[in-house]
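To start, the structure under review is shown below, and the notes come after it.
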Amino acid sequence: MIAKIESNRNNHLKPNYKRYLLNGLCSVLIVVVLSLLTNNLSLKIIIPQIIIFSIAALSLNIVCGCLGEMVLGHGGFMLVGGIVASYVSQKIYQLVMEKNNFSSSQMREIFYNIGNGEVHFAGYILVIFAVIVGAIFTGVIGFLIGVAVLGRMKGDYLAIITLGIGLVFVSIANNLQTIDGFKYGVDGPSYYTRIAGNTPIFASFLILTLICFIMIFKSRYGRAILSIREDEIASEASGIPVKKYKIFTFTLSAIFAGLAGGLYYHFASYLGTSLFSQDRSIELLVFIVLGGLGSFTGTLISTALLTFVSYKLLLNAPGGYQLLIYGVILIIVMLIRPEGLFGTKELTWDFIKKVFKIKKKPKKIVEEEIIHDNK
Amino acid sequence: MWNNLYNGLINGLGMGSIYALIAIGYTMVYGIARMINFAHGEFITIGAFVSYGMASLIGANPITMIICIIASMLICAIVSIITEKLAYYPLRKRNTKRITALITAIGVSYIIYSLFNIQFQEIKSSPKFLNLSNTNLTILTIVITLVTVVLLTLFINKTKFGKAMRATSENPSAAKLMGINNDAMITLTFAIGAALAGLGAVVYCLRIPYFKFSVGSDAIGLIPFVAAVVGGIGSLPGAVIGGFIIGIIQQISVAFPETSPWTPAILYSILILILIIKPTGILGKSIGEKV
Amino acid sequence: MLKVENLSVSYGKIKAIDKINLEVNSGEIVVLIGANGAGKTTTLKAISGLVKCEVDSHIRLDLSMLTDKRTLNRFVGKKATDLLLKVYHSSEVAFEKINSNEDITKELFAKNSKLNQIKLKRIRKKYNYFVKADLLKVKAHRISSYGIAHVPEGRQVFANLTVQENLEMGAFKRHSRKKITEDLEKIYELFPRLKERKKQKAGTLSGGEQQMLAIARAMMSKPKIILLDEPSMGLAPIIVKEVFEIIKKLNESGITIVLVEQNAKLALSIADRGYVLETGKIILSGTGEELLNNENVKKAYLGS
């Protein structure tokens, strides 16, 4: 018996290379499919948006879904990330131009080819660098807020205070425009949209986000987070450093929200503060609730679906109707299936196997050998 | 500068009384149903349009103002009862999570907002019920608010149903044992809150000469909610005091061109400060958590 | 008076009570003892409607619970009750007549007009709406109208209401201002400490005073049965003695008591009959004395 238990344990600890391979192939597939889809012009605008909001929604989901703390001002973090990223990339652009006394056309030569619109390596580097700086900065802010706030309040109060923080960010951002030298968010070099058109970059960010979240939240650490959601006091009593984990999760969520914001600027070349106000925060919340709090797959699917639907509605119906249908959908879903599309479950390989009735080869039963031994 | 300050104060008292009336709705519903009713702001829109419609039917003078107030309060109460029974009550029955109620409230607010958006695109001019100077108008507004608050407080503290509402918000299951119908109490709370918002809408029309369909979410927006939280969510006098404080601060900030664009930041920073220093608000009571 | 049949309650997937049967007779003190988590509180909550029970559970009320004047008052209203009593003199007979399908319009209203027939129909409708033989089909906030008062576990007074207001809440379903004030006076005589603290917020009272308040609050509804959930919990022994004196007094004045207690010795000493609950099932039942002397009970709960 003991031998059997040991051998099972070993199997569990061995990295499941097959699974990693499958996941890797899947990610590449997703990137390829998304890139191909963007060849269709109408989707060219939607796909990057879906990616951006998926990243933002996922970052919200780890706090609201996994950690169980309601956060209402998430758009504010996106805004911070966008502002910093746009400032950095514009500043660098400006500095390079001034330092080397390039003309605008020479600058364009460095970053992209006017002729065929191909973006050069330098252009990609600039954008990626700016976006990452934006994300880190947002993370620092998120960390500071988390330290200040997460220790002392939770539940409704936390929701309200995050709402306030988000709105304060928006208001400050509105006024920053007037401060000299801090012009951000507009007049970006037009090659940004070509980067957005280059979906593999954006999709890679999404895959990166997913990998990061899955690795963290589907591991032992993730289970600790879930236990904090269920019963904080019991978790603390079990030795989980609740405050530390909460701050960590919150900071992580801020980082990726900032990432999404930075990507948004480089997609739209524009950063309107109204885009990240309360409406956006609520929209993200709706995405994750409809997809299932705590379910990454659900978030992805619901974000994609709802963004797509709202775009189609925008085209066909006048503005008021879109919101009306949206509101009705919300209420109906909450009444019928409040836990969202996927609840807390994910679409895993096991589930797919079950669906397609792919049977696993039964592992060698060590038991027989033991029985022989006992004889 | 003093002129600005004085204007800000007067306007603040005036707007503050409107915020106070609406904040009462937020705080009462939270107290009894533990729910932040994000759809509450939309009752301003409903009330404004109802009084506009009535005024265009029966004219605008002090007498019709009373009728419009009654009509606005009634219709707001009825709408809130309908939404409560259709959207919130089923959720309560099934004991769903709080975030579900929140999302539903957001859905309701979207629906009401878009219904008015679709129907009324243009800016409407408020019915001119009275012809008063700004100062006198403010005094009238304050009087209306104070009278309403006094009546409401008397109701809550002295009447059987008022006490039953307090009992329900404190301890729903013990209240059930007394024979108090929790659901009826909650519906009553929603109705009262909505009626007060309807009254606030008419007062708003008195002060502001025009409004549009987004008045609930843009012009008034979350400010009464901030007021309710600052004053102490769950506490009736807290909502009133919070309303006046926030109104005064807002209007003074708006009166000075240096601070005017920063007004939202200032207000929400106050919210954050209060939540950090005294989360239960100015008049709220600290409730310890029982392990 | 009250019969619990086949009662099962589950919290999610966990069965708290598994098909128990209880009987409560008029004027008794019936005691439920058992360890923590045995399901005692859940049983009381099931009776008072605070938890949902599974299908096939029944709680049946005797006619004696339904036919007294006060219940009639609560169900068909004061005017109708006065009329019925004027004609029939006894509430039991009145109940019978309403319950039957006899055309008693002429007896009641002297004139057999259409209007009076409608009036009779309305009275019957109101009564039928309330008279369900199965208490489990009644909503929680209507249960108190049947004369069942529940003093919940942990007192559960309304902390931010004053002592007086708490008592007034107890009388929520009653309408006669005069009688309510009279009863308030009587309660204050019985609980002088509560009278002292009339205007204090209930949350500021000590544990023992809160327990008195909770019991007094239940008494204000003039119940026939009082369900008491662990009244001795968290109280000093001397206060517990006081509380139990009051319980005995209540019973002597005619109120039936269903008592859930962890302090098995004390509970059984005043009990007429008792049931022992263990993990949701009734494993023993008998008179108070029988259980006090039962070997198993002694070993498990009486510590001797």
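To find a chain, count down the sequence lines: A is the first, B the second, and so on, and within it residues start at 1. This one's a predicted model, so the numbers in the text were calculated from it and none came from an experiment.
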Side chain / backbone / both / neither for [X] at chain A, heavy atoms under 4.5 Å:
X: B/V226; result: neither
X: B/I112; result: neither
X: B/I111; result: both
X: B/I270; result: neither
X: B/F116; result: neither

* Between A/F250 and A/F77, is the ring centre distance below 6.0 Å? -> yes

* Between A/F169 and A/F276, ring centroids under 6.0 Å -> no

Counting only non-hydrogen atoms closer than 4.5 Å, does [X] touch chain B with its backbone (N, CA, C, O), its side chain (CB onward), both, or neither?
X: A/Q278; value: side chain
X: A/I145; value: neither
X: A/L163; value: side chain
X: A/M70; value: side chain
X: A/V328; value: both

Does the [X] side chain pair with the main chain of [Y], one donor and one acceptor, at a distance under 3.5 Å?
X: A/T162; Y: A/L158; result: yes
X: B/S169; Y: B/R166; result: yes
X: A/S171; Y: A/L167; result: no

* Any side-chain heavy-atom pair of A/L72 and B/F38 under 4.5 Å -> yes

* Tell me, do A/L67 and A/I62 make a side-chain contact under 4.5 Å, heavy atoms counted? ->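 A/L67 vs A/I62: side chains apart.
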
* Asked: Just how far is it from atom CG of B/L86 to atom OG1 of B/T104, taken to the nearest 0.5 Å?
  -> 12.0 Å

* Asked: Out of B/L271, B/I36, B/I103, B/L102, which one racks up the most heavy-atom pairs below 4.5 Å with chain A?
  ->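 The residue among B/L271, B/I36, B/I103, B/L102 with the greatest pair count is B/I103.
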
* Heavy-atom pair count under 4.5 Å with chain A, highest-scoring of B/V229, B/I99, B/L115, B/I233 -> B/I99

Which one wins on heavy-atom pair count under 4.5 Å against chain B: [options]?
options: A/V168, A/L293, A/V170; value: A/V168
options: A/L285, A/I160, A/V286; value: A/I160
options: A/V333, A/I332, A/I165; value: A/I165

* Asked: Considering all heavy atoms of both residues, which atom of A/A57 and which atom of A/F287 are nearest to each other, and what is their separation?
  ->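 The answer is CB-CB, 4.3 Å.
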
* Asked: How far apart are the closest heavy atoms of B/A191 and B/A77, and which atoms are they?
  ->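 Closest approach of B/A191 to B/A77, heavy atoms only: O-CB, 3.8 Å.
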
